[in-house]
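What follows is a set of notes on a single structure, which appears directly below.
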Amino acid sequence: MFAVIKTGGKQYLVTQNQTLKVEKIAKKEGEKFLLSDVLLVGDESSLAIGAPHVKNAAVEVEIIKQAKSDKIRMMRYHSKVRRHRSKGHRQLYTEVKIISIKK
């Protein structure tokens, strides 16, 4: 069974026992909860497409860890004036494990 979920403004194709990194979710490590923004649910024999969400469908997830990704360096340079600026950014993310998909 597979599903397409929406979290953090992005869509993810997920299956059971899969781990993935999503944008930060404000919950504690080890906590289990349901994601109800399910856009599509399917298996070998059937497919349910939501408009925009599938009714009564949910994906149960468990938070594995909360962390920061690697630093991204950004550089901006203006020729002729010899001006440059450098800055960095570390995005917060949550690693989750898909426990079950419910139709």
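Note that CG of D37 and CD1 of I5 are 9.0 Å apart. Values are rounded to the nearest 0.5 Å. Note: L20 CG to K10 NZ = 12.0 Å, rounded to the nearest 0.5 Å. Atom-to-atom distance recorded for I72:CD1 and H89:NE2 is 6.0 Å, nearest 0.5 angstrom. Between the NZ atom of K6 and the OG atom of S36 there is a distance of 11.0 Å, given to the nearest 0.5 Å. In this structure, the separation between CD1 on I25 and CG on L92 is 12.5 Å, given to the nearest 0.5 Å. In this structure, CG on N17 lies 9.0 Å from CD1 on I99, to the nearest 0.5 angstrom.
Under the 4.5 Å side-chain contact rule for hydrophobic residues, L35 and M1 share a cluster. Tracing side-chain contacts under 4.5 Å through hydrophobic residues (I, L, V, M, F, W, Y), one never reaches L34 starting from V61; they form parts of separate clusters.
Residue V38 comes nearest to A3 through the heavy atom pair CG1-CB, 4.3 Å, listed as atom of the first residue, atom of the second, then distance. The nearest pair of heavy atoms linking V81 to H78 is CG2-CB, 3.5 Å. Of all heavy-atom pairs spanning V41 and A57, the tightest one is CG2-CB, 4.0 Å. Shortest non-hydrogen contact noted between R73 and S86 is NH2-OG, 3.1 Å.
At distances below 3.5 Å, at least one donor-acceptor pair connects side-chain atoms of S69 with backbone N or O atoms of Q91.
At a threshold of 4.5 Å between non-hydrogen side-chain atoms, the residues L47 and F2 count as touching. Between D70 and R90, the closest side-chain pair of non-hydrogen atoms is not below 4.5 Å. Using a 4.5 Å cut-off on side-chain heavy atoms (C-beta onward), V59 and I98 make contact.
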Apply side-chain contact (heavy atoms from CB on, under 4.5 Å) to the pair Y93 and V22, showing each step before the final yes or no.
-> CA-CA 6 Å; Y93 72 90; V22 297; over 6 Å; no
Trace of the side-chain contact (heavy atoms from CB on, under 4.5 Å) decision for V96 with I64 | CA-CA 5 Å; V96 297; I64 297 173; over 6 Å; no
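Within 6.0 Å of the CG atom in N56, the count of heavy atoms belonging to other residues, nucleotides or ligands does not exceed 12. Counting non-hydrogen atoms of neighbouring residues, nucleotides and ligands closer than 6.0 angstrom, the NZ atom of K21 reaches no more than 12 such neighbours. A 6.0 Å sphere centred on NZ of K103 holds more than 12 heavy atoms belonging to other residues, nucleotides or ligands. No more than 12 heavy atoms of other residues, nucleotides or ligands shown are found within 6.0 angstrom of NE2 on H84.
Shown are K24, K65, E29, Q66; of these, the side chain to side chain donor-acceptor pair (under 3.5 Å) with T94 is made only by Q66.
Relative to the ring axis of F33, K27 places its NZ or CZ within 45° and under 6.0 Å from the centre.
Residues E60 and K32 are not paired through a salt bridge, judged by the lack of any N-O separation under 4.0 Å between the basic side chain and the carboxylate.
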